[in-house]
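Basis for what follows: all heavy atoms, side chains included, without hydrogens, waters or symmetry-related copies.
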Number of protein chains: 2
Amino acid sequence: MKFSKKSEYGLRALLELCGTYGGRVLQRHEIAERQNIPVEFLEQILLALKRAGLLASRRGVRGGYALIKSPEDITLGQVIRILDGPLAPISCVSKTAYQKCADCPYAATPSCPLQQAMGEVRDAIANILDHYTLSRFAHSK
Amino acid sequence: MKFSKKSEYGLRALLELCGTYGGRVLQRHEIAERQNIPVEFLEQILLALKRAGLLASRRGVRGGYALIKSPEDITLGQVIRILDGPLAPISCVSKTAYQKCADCPYAATPSCPLQQAMGEVRDAIANILDHYTLSRFAHSK
DNA sequence: AAAAACTTGAGCAACTCACTAGACAAAATA
DNA sequence: TATTTTGTCTAGTGAGTTGCTCAAGTTTTT
């Protein structure tokens with residue numbers, strides 16, 4: 001029941017990028033040094049966030065990364081789903097990546113006891129993370 | 001952010017055992033067949049639950065497993081912690097297995113933004129799972 | 001004594017995680 | 001235009017975990 005380093009690093013990197021939002025770009029090594037993250041690994045994370053539309057980048061000498069969405073419009077839930085996949089503790093209660101359980105005898109049944117409990121957990125997690133914005137996240141610094 | 005098959009199987013097995021609580025014992029193969037769980041794997045799970053004090057077992061011809069605590073006194077949180085370890089999404093917010101982050105620049109700092117958000121998530125998960133009893137779980141069958 | 005159960009411990013294939021390496025492409029500067 | 005400095009892409013890799021299997025016990029009943 002853990003989040004990966006990827007998510008953790010990604011959030012910490014975004015924290016740095018929030019600090020220069022609207023201003024200058026940050027280079028991978030700056031972020032990596034300040035946040036203590038292996039630079040080549042960080043790169044993969046930044047690229048994933050870029051592909052997801054959160055970051056822009058410029059190559060070459062004065063290149064680097066910058067946020068292209070306001071910190072108020074990015075939630076922790078979004079970031080974690082990009083880097084770690086769905087939030088749901090079991091896939092039969094995922095809203096973003098539902099999958100019927102193969103072996104569960106209640107799969108066919110109208111109501112699965114496990115599903116009910118896990119659904120509540122999923123909702124609780126999503127409720128917090130999908131309402132926690134980067135701005136709120138960054139301000140408690 | 002997923003629970004393991006171990007937890008899932010464990011909970012489904014306990015569901016069966018709730019059904020005969022106070023009555024007869026259930027054998028591994030009965031549980032395995034009804035719940036579609038590989039029997040040798042299930043065994044490991046049942047033994048872990050036994051060592052944790054939830055189950056008793058009898059060997060030999062009329063042997064099997066039985067719950068020794070009331071379904072009202074067992075929570076999903078307990079079971080998942082036994083089989084999957086701590087609930088906390090990152091270990092620096094775990095109450096049962098706290099560990100300081102090695103690389104986080106905020107580790108020394110009085111307040112870490114990540115820690116605050118993840119702490120909320122942990123509490124939300126624990127709040128649900130530590131109050132969801134097996135009896136409630138079984139009755140929604 | 002034999003059979004039917006649980007017990008213990010080891011082993012293993014497949015996968016995931018966290019990271020590394022290297023070739024390549026674009027932008028700026030000299 | 002050549003060189004340097006950045007990002008981009010793809011592949012690989014070692015360690016650890018997950019989900020299971022196997023085999024050799026031990027205990028209990030018949």
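- The phosphate of C/dT7 (OP1 or OP2) has a side-chain N or O of B/Lys50 nearer than 4.0 angstrom.
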Listing, residues 87-96 of chain B side-chain donor-acceptor contacts under 3.5 Å, not counting sequence neighbours, or none:
unit_1: B/Ser94; atom_1: OG; unit_2: B/Thr96; atom_2: N; d: 3.3
unit_1: B/Ser94; atom_1: OG; unit_2: B/Ala97; atom_2: N; d: 2.8
unit_1: B/Lys95; atom_1: NZ; unit_2: B/Asp123; atom_2: OD1; d: 3.4

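- Each of B/Leu46, B/Leu55, B/Leu17, B/Leu67 was scored for a side-chain contact (heavy atoms from CB on, under 4.5 Å) with B/Leu26, with one residue passing: B/Leu17.
- Within the model, atoms CD1 of B/Ile128 and CE of A/Met118 stand 9.5 Å from one another, a figure rounded to the nearest 0.5 Å.
- Atom CG of A/Leu49 and atom C1' of D/dG7 are 15 Å apart (whole Å).
- Put simply, the side chain of B/Glu8 reaches to within 4.5 Å of the side chain of A/Asp103, judged on heavy atoms.
- Atom C1' of nucleotide D/dT18 and atom CD1 of B/Ile37 are separated by 16 Å, given to the nearest angstrom.
- For the segment residues 85-97 of chain A, the set of residues with a heavy atom within less than 4.0 Å of an atom of DNA chain C is empty.
- One hydrophobic cluster, built from ILVMFWY side chains closer than 4.5 Å, cannot hold both B/Leu49 and B/Val25; they sit in different ones.
- Counting to the nearest Å, the P atom of D/dT5 and the CD atom of A/Gln27 are 11 Å from each other.
- Distance, A/Leu42 CG to C/dT20 P: 12 Å, rounded to whole Å.
- Within 4.0 Å (heavy atoms only), B/Leu47 reaches at least one base atom of the nucleic acid.
- Within the nucleic acid shown, A/Lys2 has no heavy atom closer than 4.0 Å to any nucleic acid atom.
- Rounded to an integer number of Å, the gap from A/Phe3 CZ to C/dC17 P is 13 Å.
- You'll find the side chain of A/Leu134 reaches within 4.5 Å of the side chain of A/Leu76, heavy atoms only.
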Annotated protein contacts, base or backbone, on nucleotides 20-30 of chain D with a non-hydrogen cut-off under 4.0 Å, one of B, S, - each: BB---BBBBB-
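- Between A/Leu55 atom CG and D/dG7 atom P there is a gap of 11 Å when expressed in whole angstrom units.
- Following rounding to the nearest Å, B/Arg51 (CZ) and C/dT7 (P) show an atom-to-atom distance of 9 Å.
- A 4.5 Å side-chain heavy-atom check between B/Tyr9 and B/Ile31 finds every atom pair outside the cut-off.
- Contact check for B/Tyr21 versus B/Lys69: no side-chain heavy atoms found under the 4.5 Å cut-off.
- Rounded to a whole Å, the OH atom of B/Tyr65 is 13 Å from the C1' atom of C/dA4.
- For A/Ser57, a side-chain nitrogen or oxygen approaches OP1 or OP2 of D/dT8 to under 4.0 Å.
- Ionic pairing of B/Glu16 and B/Arg12 is not present here: no N-O contact between side-chain nitrogen and carboxylate oxygen is shorter than 4.0 angstrom.
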